[in-house]
Engineer: 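What follows is a structure written as structure tokens; I'll ask about it next.
The model shown is predicted, which means the values in this text are computed figures rather than measured ones.
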Amino acid sequence: MSETSPKLRAELDGIPTYKPGKPAAAGGPVAYKLSSNENPYPPLPGVLESVMAAAGSFNRYPDMMCTALMNELADRFGVPVSHLSTGTGSVGVAQQLLQATSGPGDEVIYAWRSFEAYPIITQVSGATSVQVPLTPGEVHDLDAMADAITDRTRLIFVCNPNNPTGTVVRRAELERFLDRVPGDVLVVLDEAYREFIRDTSVPDGVELYRERPNVCVLRTFSKAYGLAGLRVGFAIAHEPVAAALRKTAVPFGVSQLAQEAAITSLRAEDELLGRVGALVCERTRVAEGLRSQGWTVPETQANFVWLRLGDRTVEFATACEQAGAVVRPFSGEGVRVTIGEPEANDIFLKAADSFRKDR
């Protein structure tokens, strides 16, 4: 038997592995998972029923074009169907964007720290990451990002609100940045947490896309809509980009169950807004509680808070887990904590207070 192995792409050497939020330990004390930015509420009214009905035919392939969902999205956002593309969550669509725009010799710019999938999908495409540090206030440094553009730049991610810091870029600074970006460079506004924004100075990316052919907006049903387990996201972009996304999509990637759940969720907007409103109130309570304990908490417009802890990160995460709240540590940097049920948030706040008093 030959001792040689199949040749694989060199770009995969040393690629970081995506680390999902740690689940609560099975069989242990009651613990809450605050590590994955999931919605703590059950599916919206009617969603479970629509999924169960669709399950009766999952021996058949789903509608590959997601026709009904695309029509629903077109009506909801006032865009042509030809400007839409779906995928397996917004991260799946982001990977399609890399496949469509970038390869060896190309550069992809994004803030750091930002969404941890960006360096992974960039390296998989064979392109080179250009990471631009956040400002001391944990916000995108858009001027530095614009300065980093070269002839090799093909795509720029702007995560707004930013994951994991929750911070935002506002209309004036974002428009000034977009004015500096060459028209042949695609700017991807990753708005996975758009529904949680309450700062009226933060622009809706869909409005910016309308007048800018090089702007693409990513959205997902995983966060506010609570469909994380069904994997469905979408992009809104002008025809050339949207058409390229449809070409790079995995055939039949979005299941019929996911399509039906997404459609029903879009039609339950009143209930959605109520749930999101409750989470925003909890977000305010958690952030204010942490600040009253003496923590520095960046202003967040997402469904999580960020604590810059440096070398205390893992120790803090361990203390929270022992108290019954599993959070998301980024070793050596900080901890991201999802806003969950009030009782989960109470456990976390108590753990944070105890940690600070003990040290």
Engineer: Do the side-chain N and O atoms of Glu239 and Ser82 include a donor-acceptor pair separated by under 3.5 angstrom?
Structural biologist: yes
Engineer: Parallel, tilted or perpendicular: which fits the ring planes of His83 and His238, with parallel below 30° and perpendicular above 60°?
Structural biologist: tilted
Engineer: Could you go through Tyr41 and Leu279, starting from their C-alpha distance and side-chain angles, then the distance that decides it, and tell me whether this counts as side-chain contact (heavy atoms from CB on, under 4.5 Å)?
Structural biologist: CA-CA 10 Å; Tyr41 290 105; Leu279 288 171; 3.9 Å; yes
Engineer: With no hydrogens and no angle check, just 3.5 Å: does a side-chain donor-acceptor pair link Gln99 and Gln95?
Structural biologist: no
Engineer: Under a 3.5 Å cutoff, is there a donor and acceptor pairing between the side chains of Arg219 and Ser90?
Structural biologist: no
Engineer: With no hydrogens and no angle check, do the side chains of Arg170 and Ser201 hold a donor and an acceptor under 3.5 Å apart?
Structural biologist: yes
Engineer: Salt-bridged, Arg285 to Glu282, with N to O below 4.0 Å?
Structural biologist: yes
Engineer: Could you verify whether a donor N or O on one side chain and an acceptor N or O on the other, from Asp141 and Thr135, lie under 3.5 Å apart?
Structural biologist: no
Engineer: Give a yes-or-no answer on whether the side chains of Gln256 and Ser57 include a donor-acceptor pair shorter than 3.5 Å.
Structural biologist: no
Engineer: Indicate the ring-plane relationship of Phe221 and Tyr225, choosing parallel, tilted or perpendicular according to the 30° and 60° boundaries.
Structural biologist: tilted
Engineer: What orientation do Phe316 and Trp295 show, parallel under 30°, tilted 30 to 60°, or perpendicular over 60°?
Structural biologist: perpendicular
Engineer: Does any part of the side chain of Val158, heavy atoms only, come nearer than 4.5 Å to the side chain of Phe177, both counted from C-beta?
Structural biologist: yes
Engineer: Could you state the interatomic distance from CD1 (Ile263) to SG (Cys66), rounded to the nearest 0.5 Å?
Structural biologist: 8.5 Å
Engineer: Take the angle between the ring planes of Tyr193 and Phe304 and call it parallel below 30°, perpendicular above 60°, tilted in between.
Structural biologist: perpendicular
